[in-house]
There are 2 protein chains.
Amino acid sequence: MSKKQLIMERALELFAKQGFEATSVQQITDHCGISKGAFYLSFKSKDELIFSLIDYFMTQLISDIDYKVKNAQNEELLFTYFYTSFQTFFQHSDFAKVLMKEQAQTLHNKELIEKMHLYDRLLDKVTLSMIERLYGEEVNKTKYDLVYCIKGLMGNYSKLMLFSNASLDLKLLSESLVEKTNLLANHATIAFISEDFIQSMEQPALGEVTKEQLLEMITQKTDELEESIEKESLILLKQQVLEPSLSPAIVKGLLENIRNHPHCKWISYLLRSYFNF
Amino acid sequence: MSKKQLIMERALELFAKQGFEATSVQQITDHCGISKGAFYLSFKSKDELIFSLIDYFMTQLISDIDYKVKNAQNEELLFTYFYTSFQTFFQHSDFAKVLMKEQAQTLHNKELIEKMHLYDRLLDKVTLSMIERLYGEEVNKTKYDLVYCIKGLMGNYSKLMLFSNASLDLKLLSESLVEKTNLLANHATIAFISEDFIQSMEQPALGEVTKEQLLEMITQKTDELEESIEKESLILLKQQVLEPSLSPAIVKGLLENIRNHPHCKWISYLLRSYFNF
DNA sequence: TTGACAGTTGACCGATTAGTCATTATTATA
DNA sequence: TATAATAATGACTAATCGGTCAACTGTCAA
């Protein structure tokens, strides 16, 4: 394990307990068994550490949920959405706790708050596309409102379960939320959040990347990886972005190859969007 | 305005913008136009200030909602609940922002976290009693779950509106939530939160006070008040607690007298519970 | 005019923080 | 083994924090 990963893992444990601001670099290095100077060899500041943590987990979270949602049958779609979300959340419960604690306006780095908002909106986008697919035109007037209801319900249940040490039946919780979502989608008529409301809030462009940024990211990740199937797949995918020559089946297979590598989830997500899978 | 009130008002503005931990005493005193020493003449620590703020606003918030809910007709009950909650919330939006930011585990004072939990549970209690009154035995299995759904929905909409500067139609929002609550109450069958779950979480006693504590609080408040109808009412109510002699109508009238005084809302709430109004 | 007094001030204190860098330890190379 | 290159250390700095207290100000009765 690289020193960077060690620091990230151990720091996350402290952040989950005490919060980001309340945890000093000294505490982190003590908890890692390294010196303070060594910390600054891996991260150029404490802020860069929390940046890395949020990027690392949020990209995994979003791409995981997006993949599961895109590849689920309609009958199991809602359940899959909730179950995957909660599962991923509790799999990385330390990170989830940090996210809850520092949610919205506790952190004072402007850039970081913007990043969080961006990820937040990306998650909304996944939820919205699921709703549109499930209920179609019928919920055109209420779908944005529905997204916020789902978010509110999930957030509250997550908070409850993360900070109480109760044993958790994720299956029951997911089933319960499936029922509620169906009720609200099929019978609610009064929407508070409209499309106008959404548009009046978001000015900056959504998390889209240009072809050039995508290529650059692939190059960077390729350099980081050891020789492996994942690395070879990435190289082939890069060529495919530069000049398409492979069949869709091959491209899909290559994407599948890198999907479960923790460091490739985000690129996998971006490439799936790029190739329309 | 007393110096204490000045500090509380001005500090709240800063806390809403920056959060409690991120605001220094120096900033507060600068913003008040007083010296650092003067701050410590009114509050013996920075913690005591946030304590006072939370007590001052939470007691008002809870007693307001409780009163409105207890005195509303069944047909308008849900709407009144939501509308009053949101109205009170946005009337004191600076405090609401502080509450959102520091919710749960950001603050590091153990006593303060306990206090917040207590107020949280008191609000749950108000919500639960409303649900029981509205839907009766029919929701016995799902009522605790319903409380958490309502809380999640309200919390999410509140967050959205407090931190976006959008114009707000509280009537529409309340109507929308009335519809949703009715849908969930009348048709949801799968409850995730059960009575057992609740009981397994709360060990300490709920915010009940003994007769002695109640009398002491009344005495203290009486001393603080100027000569007024409110003060006279309080004195009479104290006697009524010591040895009941007045008719229910008179007691209710006396309670009404003090209900809207900012410093008496909490005592009014406690007395209403004590006298079963 | 004096002196007692309540109210107010801001320089100061000890503790803690993120971040630096000269020094030392370890490893790789020749 | 000797030398160069790299990795790791922890004492140090400058800044900020909550909280204290000797000194100062203005008021009013004597």
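Convention: sequence-line order gives letters A, B, ...; per-chain numbering from 1.
As rounded to whole Å, 19 Å separates atom C1' of C/dT24 from atom NZ of A/Lys36. Taking atom CD of B/Gln26 as the reference point, atom C1' of D/dT20 lies 14 Å away to the nearest angstrom. What separates CD1 of A/Ile28 from P of C/dT17 is a distance of 11 Å, to the nearest Å. Between A/Ile7 atom CD1 and D/dA7 atom P the separation is 14 Å, expressed in whole Å. Atom CG of A/Asp47 is separated from atom P of C/dA18 by 10 Å (rounded to the nearest Å). B/Gln18 has its CD atom 14 Å from the C1' atom of D/dT16, to the nearest Å. When rounded to the nearest whole Å, the span between CG of A/Asp30 and P of C/dA18 equals 12 Å. Atom-to-atom, CZ of B/Phe43 to P of D/dT20 comes out at 15 Å; the value is rounded to the nearest Å.
Which of D/dG18, D/dT9, C/dT9 sits closest to the side chain of B/Val25 comes down to D/dG18. Set against C/dT9, C/dT17, D/dG19, the side chain of B/Tyr40 has D/dG19 as its closest nucleotide.
Among A/Asn156, A/Thr127, A/Asp120, the one residue that satisfies the side-chain hydrogen bond (donor to acceptor under 3.5 Å, both in side chains) test with A/Lys151 is A/Asp120.
For A/Lys3 and D/dA7, the shortest distance from a side-chain N or O to OP1 or OP2 is not below 4.0 Å.
Within the nucleic acid shown, B/Ser42 has no heavy atom closer than 4.0 Å to any nucleic acid atom. Backbone-only engagement by A/Lys46 is indicated by non-hydrogen atom pairs under 4.0 Å involving sugar-phosphate atoms exclusively. Among the heavy atoms of the strands lying under 4.0 Å from B/Leu41 is at least one base atom, whether or not backbone atoms are also near.
Listed for the A/Gln27 side chain is a donor-acceptor partner under 3.5 Å among the backbone atoms of A/Ser24.
Map A/Gln27 and A/Lys44 each onto its nearest nucleotide of DNA chain C; the residue landing nearer the 5' end is A/Gln27.
Inter-residue side-chain proximity for A/Phe39 and A/Lys3 is flagged as unmet; no heavy-atom pair is nearer than 4.5 Å. Using a 4.5 Å cut-off on side-chain heavy atoms (C-beta onward), A/Phe95 and A/Leu61 make no contact.
Under a cutoff of 6.0 Å and an axis angle of 45°, B/Arg259 and B/Tyr67 form a cation-pi pair.
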